[in-house]
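One structure below.
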Amino acid sequence: MGPLSKYWEILRIDPGGNGIGYKKQSLPLASAFFEAEFSELLTARSQPLLQKHRSVQAFLHNQFTADTSAITLQSQIKAGLCLRSYVSHTILGACKTLASRFSATGRLTYQDLLPYVLNDDGKIQVVLNRDKKVQLVINRNGQPEQSTYQLFSVEVLRKFNPKGQRVSSLDNWVHLQIRQNQDLQDVLSKQGFYKLSDWALLNRVGPHQLDTFPVRERHIIEAYHTVYRRDRRKQQQNHLKCPDPSLAQLQEMQQYLQKQEITFPLPASLQTELKRLAQQLRQYAIWSRNGTPPSESLEYVDPRYGAPREFCDPKAINALDQIAQQELREFCRQQLMECLDWGINKGISEHILNLEKRPRYAVFAPKVVIILRLVYCQGQSQSQIADTLGMTNQSQVSRVLNPTTLIKRVRYWTVNQFFQILLNQVSNLNLATLPIAPDYLKNLMQHIEDFFDAEVFQAAVAEIKTTKKQTMASLYAQRLRHYIEK
């Protein structure tokens, strides 16, 4: 959660400035209020920082949302200002997290997202009306009146109800509101961030895409289609958002899968597996549209607390259990080579098969490994390869090899293989004992995909996009040469 100064140092938009898109602004009114209310907390050393934040936020939220007859108007204003300041830091973290998924494309930065949600400079005094449905500003006469401009930070606080919703953490709530912000969704959709729900994504899987899945996962999606798609077509208002599958639907899917000798102990475990497959489809869709992995920076923001930390830092507070996360990282490293080698073999085989199905390029399918050898072992350019193999031109070599698409295939099969191994070993990694929070599986998948992107695929993509002649030295290139030599 970071230092307590977040409650009186607001982050405000700064498009010019120092190039980072925002600047820190101290709020004397918030600082004086915080010091008066939490003087003992500021000097206490025994209490953990996380507990301090929870205590502070509970007090401030009660003050900000309380009936004015119980709390003075000035206390409401100051408590809200402290919370608005804190929320600004989490907004920045959430924007960085979203933008980092597209950092490899170079087409979207967190600075592009900030103007839509970081619109509070702390200068306006704001409270809520009695029904907590309207933002009120304090006019020159010191009286509250309805605001004509909605501050996003205040909207986040207005909708926040830690006692009446599943998301009881303010940081989690901010991240959720960022993801649901319509302006940001419009911006992100242009970069390949699909707004379809998990259930809509699974519902749209076609026969060709289904063939790319391993047999077990293919049967699971087929079960989903057999039950969910059938019921969806029967609905008269099937243009509306796809709802979560019902308990009866999940149970029917379980029965369907039992015939394929695939069992799930509970309907909830089947639903969790379906969500994992949907997340995999979403990530692959972003890959396909952007041509590069939806990478995370090595320093990113923990969704629960908004605190920046290095990926897989075992000392950081995390959505995963601390010990289980450390074991997961070690397990990733142990399986890295095996999964990558398997993914390369599978990806190249699939690439060759796809060429064989295209009449104009079927003749070149047997030359794929030869072309890879010339690129990754001998360092030849595509124009040199065209001369060596008697092909028409460099463009023809590029269409046959299509290295970016090949890396996508290898990445898909590498990560997929690791998931299969992880499922078999999950009981030994203490992951099965962890509580299944709403975003648990998504966070777990993101950790694993981030790991493989950082260790393998970001460097592989950058390597093939450089215009300078260089030795292919990435781990992907090394294992590809190993495959070729075999």
Minimum side-chain heavy-atom gap [X]-[Y] below 4.5 Å:
| X | Y | value |
| --- | --- | --- |
| C82 | E37 | no |
| V456 | T414 | no |
| P144 | L73 | yes |
| V134 | L136 | yes |
| K123 | Q25 | no |
| L118 | L92 | no |
| D453 | R411 | yes |

* To do: For H89 and Y22, test the side chains for any donor-to-acceptor distance below 3.5 angstrom and give the result as yes or no.
  => no

* Asked: Does a donor on one side chain and an acceptor on the other come within less than 3.5 Å for Q111 and T109?
  -> yes

* Does the side chain to side chain donor-acceptor pair (under 3.5 Å) test come out yes or no for Y228 and E252, once each step is laid out? -> CA-CA 10 Å; Y228 190 91; E252 188 176 350; over 6 Å; no

* **T272 and F264: CA distance, side-chain angles, deciding distance, side-chain contact (heavy atoms from CB on, under 4.5 Å) verdict** => CA-CA 10 Å; T272 299; F264 287 91; over 6 Å; no

* To do: Kindly assign one of parallel, tilted or perpendicular to the pair F34 and F38, based on the angle between their ring planes and the thresholds 30° and 60°.
  => tilted

* So F160 and W173, would you call those rings parallel, tilted or perpendicular, with 30° and 60° as cut-offs? ->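 It falls in the tilted class, 30° to 60°.
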
Could you state the interatomic distance from [atom1] ([X]) to [atom2] ([Y]), rounded to the nearest 0.5 Å?
| X | Y | atom1 | atom2 | value |
| --- | --- | --- | --- | --- |
| R230 | Q249 | CZ | CD | 7.5 Å |
| L81 | R84 | CG | CZ | 5.0 Å |
| K6 | H53 | NZ | NE2 | 6.5 Å |
| Y224 | W199 | OH | CH2 | 6.0 Å |
| Y86 | L60 | OH | CG | 11.0 Å |
| E273 | I220 | CD | CD1 | 4.5 Å |

Please report the closest heavy-atom contact between [X] and [Y], naming both atoms and the distance.
| X | Y | answer |
| --- | --- | --- |
| L266 | Q254 | C-NE2, 3.6 Å |
| C95 | L113 | O-CD1, 3.7 Å |
| P115 | I13 | N-CD1, 3.8 Å |
| A66 | I71 | CB-CG1, 3.4 Å |
| G347 | R409 | O-CD, 3.8 Å |
| H175 | A94 | CE1-CA, 3.5 Å |

* Under the criterion side-chain contact (heavy atoms from CB on, under 4.5 Å), which of I91, L157, V117 is the partner of V174? ->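 The option that passes is I91.
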
* Between V87, D120, D121, which is the residue that forms a side-chain contact (heavy atoms from CB on, under 4.5 Å) with I10? -> D120

Output yes when a side-chain donor or acceptor of [X] lies under 3.5 Å from a complementary backbone atom of [Y], and no otherwise.
| X | Y | answer |
| --- | --- | --- |
| R229 | N203 | yes |
| Y476 | L340 | no |
| Y7 | Q57 | no |
| N62 | A58 | yes |
| S85 | E9 | yes |
| K78 | Q76 | no |
| H225 | L202 | yes |
| R158 | K132 | yes |

* To do: Evaluate the criterion side-chain contact (heavy atoms from CB on, under 4.5 Å) for residue pair H219 and E222; output intermediate values, then yes/no.
  => CA-CA 5 Å; H219 285 316; E222 287 173 346; 3.3 Å; yes

* **side-chain contact (heavy atoms from CB on, under 4.5 Å) evaluation trace for L170 with L83** => CA-CA 10 Å; L170 178 57; L83 286 173; 4.3 Å; yes

* **Neighbour count >12 (heavy atoms, 6.0 Å) for atom CD, E35** => no

* Would one find more than 12 heavy atoms of other residues, nucleotides or ligands at under 6.0 Å from atom CZ of F33? ->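 Atom CZ in F33 is packed in, count exceeds 12.
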
* Evaluation steps, side-chain contact (heavy atoms from CB on, under 4.5 Å), between D198 and L274 -> CA-CA 8 Å; D198 290 342; L274 287 168; over 6 Å; no

